[in-house]
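One-based numbering along the sequence shown. Predicted model only: the values in this text are computed from it and were never measured.
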Amino acid sequence: MSRISDYFKLGEVFRYFYRVFQKPDPSRPTNANIRMMHGINRISIIMFVICLIVMIVRALTR
């Protein structure tokens, strides 16, 4: 049985953000599909952060 705190562990999420935005490791195999997937993920994360900033600014200026 899992505890409530297990649902709020964000370590894996932050490790993924770190992995997506770092330079690719030359020793790991890569292909076009993985590069495209990481590129799309970078774009979506950046858009999400920009939208959060816009929402916070709008909420504070009203």
Side-chain angles (χ1 to χ4, degrees):
M1 182 128 179
S2 63
R3 294 180 296 168
I4 299 286
S5 64
D6 291 338
Y7 293 109
F8 294 104
K9 288 185 179 179
L10 297 176
E12 285 293 323
V13 174
F14 292 121
R15 267 183 265 161
Y16 179 74
F17 288 154
Y18 177 72
R19 275 189 316 203
V20 167
F21 288 107
Q22 73 182 2
K23 287 187 176 182
D25 187 10
S27 65
R28 297 181 96 185
T30 182
N31 61 23
N33 292 331
I34 291 177
R35 284 196 313 256
M36 292 296 280
M37 179 189 70
H38 285 302
I40 291 170
N41 285 345
R42 285 182 192 122
I43 292 169
S44 64
I45 290 169
I46 291 169
M47 287 178 61
F48 177 75
V49 169
I50 289 171
C51 290
L52 276 179
I53 292 170
V54 168
M55 290 173 63
I56 291 170
V57 168
R58 284 186 178 181
L60 293 176
T61 57
R62 288 187 179 195

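Counting Ile, Leu, Val, Met, Phe, Trp and Tyr side chains that sit under 4.5 Å apart, directly or through other members, M37 stands alone, with no cluster partners.
S27 pairs by the side-chain hydrogen bond (donor to acceptor under 3.5 Å, both in side chains) definition with D25, not counting sequence neighbours.
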What side-chain donor-acceptor pairs closer than 3.5 Å can you find for residues 46-62, not counting sequence neighbours?
| unit_1 | atom_1 | unit_2 | atom_2 | d |
| --- | --- | --- | --- | --- |
| T61 | OG1 | V57 | O | 3.0 |
| T61 | OG1 | R58 | O | 3.3 |

